[in-house]
Protein chains: 2
Amino acid sequence: MHDAEDVDQELREHAEKLALTLSQGGMQKTTARVMTALLFSRHETMTAGELCESLRISSGAVSGAVNQLIPTGMIERVPAPGSRRDHYRFRKHAWATLMGNQNTLLASMWDAAAGGIKIAGREGVVGLRLDEMQDFYGFMQREMAALIDRWREQYDAGQA
Amino acid sequence: MHDAEDVDQELREHAEKLALTLSQGGMQKTTARVMTALLFSRHETMTAGELCESLRISSGAVSGAVNQLIPTGMIERVPAPGSRRDHYRFRKHAWATLMGNQNTLLASMWDAAAGGIKIAGREGVVGLRLDEMQDFYGFMQREMAALIDRWREQYDAGQA
DNA sequence: CTGAGCGTTCAAAGATCTCTGAAACTCGAC
DNA sequence: GTCGAGTTTCAGAGATCTTTGAACGCTCAG
């Protein structure tokens with residue numbers, strides 16, 4: 001039978017596994033570990049000290065990871081009542097936010113295509129390649145934003 | 001006035017700029033440079049030798065990059081008539097393919113959420129966080145595939 | 001005002017990843 | 001079957017990125 005200890009242990013293992021996947025997908029290893037630790041924590045929030053201990057990393061590393069996660073909207077600093085310690089929490093709708101941030105990337109791709117077209121026109125082999133690229137990223141930029149909104153509505157409705 | 005040389009030169013600069021962006025987004029630097037070189041080339045295809053020379057990298061590096069790009073569906077090897085040299089070409093709909101590959105990632109995220117729920121259930125702070133995550137990635141997986149198909153149809157229709 | 005507790009910063013150590021250069025290999029032409 | 005252009009592989013060099021550990025600084029309690 002599962003007691004609370006076992007559950008924590010297994011959750012941490014899952015957290016580490018996901019962190020590994022994410023780090024292979026380009027995210028920094030420590031950043032990913034901090035994020036998944038918060039994601040799979042049974043507590044509402046965790047302090048920097050708890051993250052240090054749980055992940056066996058230095059406070060400097062935690063500080064760095066946290067300050068990389070906050071601007072992306074994945075986690076937030078929670079004002080700690082009656083304590084100077086910072087508490088961190090995985091944000092609601094963090095995944096949707098993360099995906100929404102991709103729009104910046106989509107926009108750069110569109111821009112890159114546009115820049116090339118400005119130089120080479122829309123004719124010829126380059127022109128046609130770039131035209132397709134621009135069309136694709138224009139489409140994605142429009143539709144992705146709509147898609148995420150749609151999820152938010154659907155999810156919020158389901159909660160009520 | 002733009003002559004052909006200038007155009008090539010400017011295209012190459014744009015290619016490098018995009019490669020830099022992509023490499024910051026997690027792609028390998030050389031891989032990104034090879035990809036953008038093919039993307040912004042005014043030729044239909046390029047040989048490995050041309051890529052070496054144009055990017056000032058060793059043939060080993062080209063080989064590595066190319067073999068990383070091919071499985072993703074971004075570029076393809078083109079049978080060269082009457083030459084042993086390999087010719088490489090940026091594939092049609094490469095961007096759509098690339099985005100479609102993300103589905104694998106979306107699926108792993110869904111799996112990670114499912115695994116956590118199996119351990120901790122859907123109640124409590126972890127359970128609710130994971131439930132939201134699973135809902136989001138399930139939604140995205142379904143909708144992204146549909147979205148890409150929609151683009152393909154729309155684009156192919158526009159070409160006809 | 002002073003001290004304790006925490007978070008942040010930064011230089012240096014360390015780990016990781018990538019490129020090069022050369023040797024090995026492949027495959028078509030003759 | 002042999003030659004040779006061209007590609008792939010791989011060990012070692014090199015560049016890059018990360019983490020640590022310690023010093024610094026900030027904030028609140030007393």
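For clarity, every value in this text was computed on a predicted model and none was experimentally measured. Every chain is numbered from 1, with letters handed out A, B, ... down the list of sequences.
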A.B. asks: For A:Tyr155 and A:His93, take the angle between the two ring planes, folded into 0 to 90°, and tell me which bin it lands in: parallel under 30, tilted 30 to 60, perpendicular over 60.
C.D. replies: perpendicular
A.B. asks: In this structure, how many angstroms lie between the C1' atom of D:dT7 and the NE2 atom of B:His87, rounded?
C.D. replies: 13 Å
A.B. asks: Grab the two heavy atoms, one from B:Phe40 and one from A:Arg129, that are nearest each other, plus how far apart they are.
C.D. replies: C-NH2, 4.3 Å
A.B. asks: Separation of A:Gln68 atom CD from C:dT8 atom P, in whole Å?
C.D. replies: 14 Å
A.B. asks: Specify the separation, in whole Å, of atom CD1 of B:Ile70 and atom C1' of D:dT7.
C.D. replies: 12 Å
A.B. asks: Measure the distance from CZ on B:Arg33 to P on C:dT20 and round it to the nearest whole Å.
C.D. replies: 9 Å
A.B. asks: Anything under 30° is parallel, anything over 60° is perpendicular, the rest tilted; go ahead and classify A:Trp95 against A:Phe90.
C.D. replies: tilted
A.B. asks: When you measure from every atom of DNA chain C, which of residues 46-59 of chain B have a heavy atom less than 4.0 Å away?
C.D. replies: B:Arg56, B:Ile57, B:Ser58
A.B. asks: List the atom of A:Ala65, the atom of A:Val34, and the distance in Å for their closest heavy-atom pair.
C.D. replies: CB-CG2, 3.7 Å
A.B. asks: Round to the nearest Å and state the distance from A:Tyr88 atom OH to C:dG7 atom P.
C.D. replies: 6 Å
A.B. asks: A:Ser63 side chain: which of D:dT20, C:dT20, C:dT9 is closest?
C.D. replies: C:dT9
A.B. asks: When the distance from NZ of A:Lys29 to C1' of C:dT16 is rounded to whole Å, what number comes out?
C.D. replies: 10 Å
A.B. asks: Could you check how far CD of A:Gln24 sits from C1' of C:dT16, rounded to whole Å?
C.D. replies: 13 Å
A.B. asks: Could you tell me whether the side chain of A:Arg89 and the main chain of A:Val78 form a donor-acceptor pair under 3.5 Å?
C.D. replies: no
A.B. asks: When the nearest nucleotide of DNA chain C is assigned to A:Arg85 and to B:Gly60 on a heavy-atom basis, which residue is associated with the more 5' position?
C.D. replies: A:Arg85
A.B. asks: Measure CG/B:Asp86 against C1'/C:dT26 and give the value in whole Å, please.
C.D. replies: 11 Å
A.B. asks: Give a yes/no answer on whether the side chain of A:Gln28 brings an N or O atom under 4.0 Å of OP1 or OP2 in D:dC17.
C.D. replies: no
A.B. asks: Any chance you could measure A:Met140, atom CE, to A:Gln102, atom CD, to the nearest 0.5 Å?
C.D. replies: 12.0 Å
A.B. asks: Taking atom CD of A:Glu53 as the centre, does the number of heavy atoms from other residues, nucleotides or ligands within less than 6.0 Å exceed 12?
C.D. replies: no
